[in-house]
2 protein chains.
Amino acid sequence: MRSRGFDGFSYADLASAIGIRKASIHYHFPRKSDLGLALMQRYRADLDQQLDAIDASSKTGGERLKRQIRRYRDALGVGDRLCLCVALSISSEAFDDTVTHEMLSFRSRSVDWLRSVFEQGLADQSISNVADPAAEAMSCLAVLEGAHLAGRTQGSVMRFDEAVRLLTDRLAQR
Amino acid sequence: MRSRGFDGFSYADLASAIGIRKASIHYHFPRKSDLGLALMQRYRADLDQQLDAIDASSKTGGERLKRQIRRYRDALGVGDRLCLCVALSISSEAFDDTVTHEMLSFRSRSVDWLRSVFEQGLADQSISNVADPAAEAMSCLAVLEGAHLAGRTQGSVMRFDEAVRLLTDRLAQR
DNA sequence: GTCTATAGGGAGATAGAC
DNA sequence: GTCTATCTCCCTATAGAC
């Protein structure tokens, strides 16, 4: 789903990949949209968990932001995968409100978390040039997702790194 | 293609939309990938033409950047369309090198143009806080495409505007 | 919970008349 | 260059045995 898009793979693809039959997948996820919803729900739950883990072990805004950038970098694979929320955005006409709701939750959780991170970075001086944490948060999510697209199109993590460099350059050196 | 993705529409959809038969479309574009290539080529040619038009009629970096942001904003429709290059990124495994080449050309033309715009904005002081035009250019393209995704997911141009606000706030008022 | 078998439809694509 | 007709294949999805 993250490398070919929602319409780019079939139950037959999954079946042969995991060594099971199509009908067995339909037992767990009757319709394909059920599978999309389940993955998006899990993706969102993972986000909550991992952002909590970052908050627990990193204390400065700069350090927290650095780890979130790293998470996006890792999620890109070798330039062959996208954030699930990005991948599903293109096919969103195919989904009902439950999937859309999950995607909106994912985005608002991301932006809210980033806003608090920029607020911290402003307070503890671990991120430079922060004037408006709310605007920074929305811009930052756009940069991370846009950098994913750059890396994906060119099949190169380097393009991701280049696109987020303006961001990483603002993190205080330790 | 820009609202449902490459795999999200069929020749039958096109045929009924324009009042023609599937076979007639196949006469012009034998395989679906031919259609994808043709659209991407046209999209890229349009970019060249429109950036030239911006250069011809706007002289400051800030004014030029403002018009490119406006172009992306308009391209979003009412939050139901994406940049073609963004939409095809997800399905890029389905394409051969010719389409990928066109997408890479599109991106490098965008970034090169943006770099020169930031250089101008630095020189004529029409864009504030420019330290590294090359990094600004790559970040800017990411923001524009990421802002598209934000607007698309929420079906709202307002989300686009919010995501690019950090950028528009840097443009000198006149 | 997984299997075989199959339904039912729509996909991309082609042949050949006009 | 557009049409009708059709091909072949694969899609999502279901029925029912084990």
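Computed over heavy atoms, backbone and side chain alike; hydrogens, waters and symmetry mates excluded. So you know, we letter chains A, B, ... as the sequences are listed, proteins then strands, and number each from 1.
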Is [Y] paired with [X] through a side-chain N to carboxylate O contact shorter than 4.0 Å?
X	Y	value
A/Arg107	A/Glu102	no
B/Arg152	B/Asp80	no
A/Glu63	A/Lys59	no
A/Arg4	B/Asp7	no

- request: Give, ordered by number, those residues of residues 93-101 of chain A having at least one heavy-atom distance below 4.0 Å to an atom of DNA chain D; if nothing qualifies, reply none.
  value: none

query: Can you check the A/Leu14 CG to D/dA13 P distance for me, whole Å?
result: 12 Å

B/Arg21 CZ - C/dC18 P separation (whole Å): 17 Å

- request: Look at the side chain of B/Ser126 and the backbone N and O of B/Gly62, then say whether any donor-acceptor pair between them is shorter than 3.5 Å.
  value: yes

Backbone of A/Ala150 reached by a side-chain donor or acceptor of A/Arg159 within 3.5 Å: no

message: Could you check whether any side-chain heavy atom of B/Glu136 comes within less than 4.5 Å of a side-chain heavy atom of B/Arg115, counting everything from C-beta outward?
response: no

message: Can you see if the side chain of A/Ser24 gets near the phosphate of C/dG1 - specifically, an N or O under 4.0 Å from OP1 or OP2?
response: no

query: Going by the salt bridge (charged side-chain N to carboxylate O under 4.0 Å, His left out) test, which pairs reach into residues 23-32 of chain B, not counting sequence neighbours?
result: B/Arg31-B/Asp34

Can you tabulate the close N/O pairs, meaning under 3.5 Å, that link protein atoms to atoms of nucleotides 10-14 of chain C?
{"from": "C/dA11", "atom 1": "OP1", "to": "B/Ser10", "atom 2": "OG", "distance (Å)": "3.1"}
{"from": "C/dG12", "atom 1": "OP1", "to": "B/Lys32", "atom 2": "NZ", "distance (Å)": "2.9"}
{"from": "C/dG12", "atom 1": "OP2", "to": "B/Tyr11", "atom 2": "N", "distance (Å)": "3.0"}
{"from": "C/dA13", "atom 1": "OP2", "to": "B/Lys32", "atom 2": "N", "distance (Å)": "2.6"}
{"from": "C/dA13", "atom 1": "N7", "to": "B/His26", "atom 2": "NE2", "distance (Å)": "3.1"}
{"from": "C/dA13", "atom 1": "N6", "to": "B/Lys22", "atom 2": "NZ", "distance (Å)": "3.3"}

